[in-house]
2 protein chains.
Amino acid sequence: MAVGRRGLGRDGRPTLEQVAARAGVGRGTVSRVINGSPRVSDRTRAAVEAAIADLGYVPHRAARALAANRTDAIALVVPEPEARLFAEPYFSAIIRGVSAELADTDYQLLLTLSRTPKERQRFAQYAAGNRVDGVLLVSVHGEDPLPELLGQLGIPAVMNGRRSADEPFPHVDCDNVAGAQLAVEHLLGRGRRTVATITGPLDMYAAWCRLAGYREALEAAGHEYDDSLVWRGDFTEESGYLGMRELLDRRPDIDAVFCASDLMAAGARRALREAGRSVPGDVALVGFDDSAIARHMDPPLTSVRQPIEGMGRAMARALLAEINDGMPIHPQQILPTELVRRGSS
Amino acid sequence: MAVGRRGLGRDGRPTLEQVAARAGVGRGTVSRVINGSPRVSDRTRAAVEAAIADLGYVPHRAARALAANRTDAIALVVPEPEARLFAEPYFSAIIRGVSAELADTDYQLLLTLSRTPKERQRFAQYAAGNRVDGVLLVSVHGEDPLPELLGQLGIPAVMNGRRSADEPFPHVDCDNVAGAQLAVEHLLGRGRRTVATITGPLDMYAAWCRLAGYREALEAAGHEYDDSLVWRGDFTEESGYLGMRELLDRRPDIDAVFCASDLMAAGARRALREAGRSVPGDVALVGFDDSAIARHMDPPLTSVRQPIEGMGRAMARALLAEINDGMPIHPQQILPTELVRRGSS
DNA sequence: ATCAAGTTTGGGAGCGCTCCCATCCACCTG
DNA sequence: CAGGTGGATGGGAGCGCTCCCAAACTTGAT
């Protein structure tokens with residue numbers, strides 16, 4: 001068969017060619033209309049749009065991707081162990097934010113849970129080979145080679161959170177320091193004098209920041225930073241429980257605790273109950289994350305809220321900018337946190 | 001330029017052609033090796049595989065999709081209002097299950113949150129136009145036209161949950177009836193005599209089933225079903241609170257409550273506390289979902305666990321079967337639920 | 001050695017689109 | 001009225017792959 005007339009697509013759906021024939025124009029013109037090129041007369045544009053509507057034409061993504069060398073897809077890479085561990089809703093909220101931001105564009109969201117470090121490695125190759133226009137990274141650890149790998153491959157990417165204070169990689173994070181400060185200032189403002197803290201694992205930058213915020217707020221209020229009031233946890237409930245017991249043991253005069261996660265606060269609450277201390281009567285409690293647990297604790301837990309969905313949106317926005325304007329100045333955004341007051345303080 | 005030698009892909013990555021040249025074979029042969037065709041000699045296969053490894057060749061997805069008329073992508077459609085509402089972790093767990101099942105294949109997971117019914121409608125067209133090999137549906141409501149639309153378009157799809165007892169659409173669900181039975185039998189087994197229930201919205205089939213299970217367990221144990229022990233809630237904490245107050249009011253002799261969701265159980269717990277009833281001393285409490293809230297209530301809540309991740313896996317498996325074996329008998333799977341005993345009962 | 005039957009292989013055609021160049025046309029200037 | 005200018009338009013080439021047919025090579029039986 002010669003190159004002659006092409007009809008409907010193989011699966012019965014109309015093709016560009018069809019639309020062109022119907023509108024009485026050439027393929028190029030239809031393509032121009034679809035892609036919003038200004039070099040089309042109004043009359044022609046209207047005719048083409050009518051034909052598109054009549055036929056119910058929808059561009060074929062794969063064909064477009066092949067011809068134009070882009071995919072209109074971005075990947076969200078989540079390390080699965082993290083997603084499982086703490087703050088599950090975090091994950092959903094990020095997705096919601098990203099998805100909301102993508103809704104108006106016609107980018108597709110590809111979800112990739114990486115189970116193992118090896119899978120993560122493979123993803124970079126995959127990303128390069130299969131053409132993802134950009135990548136969104138969540139929960140990146142210090143030793144993770146993925147960001148640098150993507151950088152080398154020239155794949156636009158944005159991460160959520162930072163690995164250190166001077167994170168060179170494009171990122172969106174929330175202000176953990178300020179959040180912790182808010183919490184401690186609040187405690188101090190309610191007349192508490194001996195404020196302890198249960199921290200996260202300090203090799204995680206976010207945990208480190210929350211401790212820094214605790215310290216700064218204390219010192220700003222004229223209190224001295226005291227090691228005996230600090231217990232190093234790991235974000236789990238169990239560590240909150242153990243930490244609280246230990247703290248109570250060494251400093252029975254504690255009248256307030258700032259926990260770097262709600263889960264640890266729940267653990268601490270349990271220890272306090274066992275020790276016969278009332279909340280907030282004897283000891284005021286503040287958490288971090290404003291998760292569902294916080295709302296359902298007894299009493300409900302005052303907590304620092306991160307704008308998770310907002311971070312998702314900001315990441316998507318930053319990534320699209322990077323994709324379209326071709327590698328601009330590295331975007332680094334720090335979003336504000338907020339204190340949600342409840343009965344525990 | 002004539003049709004002559006093609007070199008590297010436009011973006012510098014090796015193409016099929018390159019691999020063929022390197023292995024000293026034709027394009028067709030390489031394609032056959034990649035797609036696992038048996039009609040290749042061992043010697044040739046080995047040579048091709050070596051060339052692929054040398055070059056670090058990764059097939060171009062879009063090109064493959066275009067030529068083969070498939071996409072190797074499946075979409076997970078989630079109504080965003082639901083995802084937000086209750087049981088957030090549900091959503092994550094489904095994703096985890098689906099993703100786990102897809103990890104060994106090279107299907108991509110596309111995530112689509114549909115904000116409005118209109119967006120949902122548009123998705124069908126989109127699915128047809130953009131070629132998704134299959135669709136996974138979560139939280140489908142009674143009036144939702146999407147399943148039927150997909151059916152007409154001949155797009156393989158599987159839904160999570162059922163809209164009614166005789167759901168014709170391929171689906172994976174858990175055994176809500178049996179779960180509720182377990183809960184009530186457990187309560188009865190602990191010597192409780194007057195077991196009330198706070199239901200979900202009864203136009204939701206899952207809620208209806210949980211009530212049915214409650215009734216069946218009661219009757220099987222020789223108790224009569226009593227309307228005054230049933231309060232119709234809507235899965236929210238507030239409705240649990242109000243329901244418990246009302247129930248206590250009409251039947252002060254209640255000594256156990258089965259709530260059709262953990263969130264409602266949390267509300268009920270609050271009402272019980274206000275009424276001065278101890279848990280489980282005066283009133284035993286059982287929830288449904290086994291969510292984070294359950295684990296962190298005081299006392300921790302006995303609850304019915306659904307195999308959420310397992311449902312995700314089962315859905316993915318069923319969909320892949322449908323895609324590959326071309327519309328087999330409608331798969332309908334009901335996974336078992338399980339009672340998790342904690343302090344509240 | 002010869003032929004039939006089967007197996008393995010090469011490569012043309014084509015998937016639906018974008019890119020880009022050549023062409024066409026309308027309008028303006030001198 | 002010829003020549004020039006710039007915007008609108010048509011359509012060839014090609015993106016990297018799969019499909020499939022025909023060619024080439026095996027093998028075993030005659």
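Chain identifiers are assigned alphabetically (A, B, ...) following the order of the sequence lines, protein sequences preceding nucleic acid strands; residue numbering begins at 1 within each chain.
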Between P of D/dC17 and CD of B/Gln18, the distance in whole Å: 10 Å
Derivation of the side-chain contact (heavy atoms from CB on, under 4.5 Å) call for A/Val30 and A/Val25: CA-CA 7 Å; A/Val30 177; A/Val25 301; 3.7 Å; yes
Side chain to side chain contact (heavy atoms under 4.5 Å, CB included) partner of B/Leu136, chosen from B/Val172, B/Leu111, B/Asn160, B/Val98: B/Val98
Nearest-Å distance for atom pair NE2/C1', residues B/His60 and D/dT18: 14 Å
Main-chain N/O of B/Leu146 paired with B/Asp144 side-chain donor or acceptor, under 3.5 Å: yes
Distance, rounded to the nearest Å, where B/Ile52 contributes CD1 and D/dC17 contributes P: 10 Å
Exam field: side chain B/Glu167 to backbone B/Arg163, donor-acceptor pair closer than 3.5 Å: yes
Backbone of A/Asp72 reached by a side-chain donor or acceptor of A/Asp133 within 3.5 Å: yes
Between C/dG14 (P) and A/Glu17 (CD): distance, integer Å: 13 Å
Atom-pair distance (CZ on A/Arg43; C1' on D/dA8), nearest Å: 12 Å
Distance below 4.0 Å between A/Asn35 side-chain N/O and C/dT18 OP1 or OP2: yes
Candidate nucleotides C/dT18, C/dC17, D/dC17, ranked by approach to the side chain of A/Ala68 - the nearest: C/dT18
Test item: side-chain donor near acceptor, B/Arg120 and B/Ser114, under 3.5 Å: yes
C/dC17 OP1/OP2 closer than 4.0 Å to side-chain N/O of A/Ser31: no
Rounded distance in Å - CG (A/Leu16) to C1' (D/dA13): 16 Å
Sequence-aligned protein contact record of nucleotides 4-10 of chain C, with B where the base is within under 4.0 Å of a protein heavy atom and S where only the sugar-phosphate is: ----BBB
Heavy-atom closest pair, residues B/Pro145 and B/Gln121: CG-OE1, 3.9 Å
Shortest side-chain distance from A/Leu66, nucleotide among D/dG16, D/dT18, C/dT18: D/dG16
Distance, rounded to the nearest Å, where A/Asn69 contributes CG and C/dC17 contributes C1': 13 Å
Separation of D/dG16 P from B/Ile34 CD1 (nearest whole Å): 14 Å
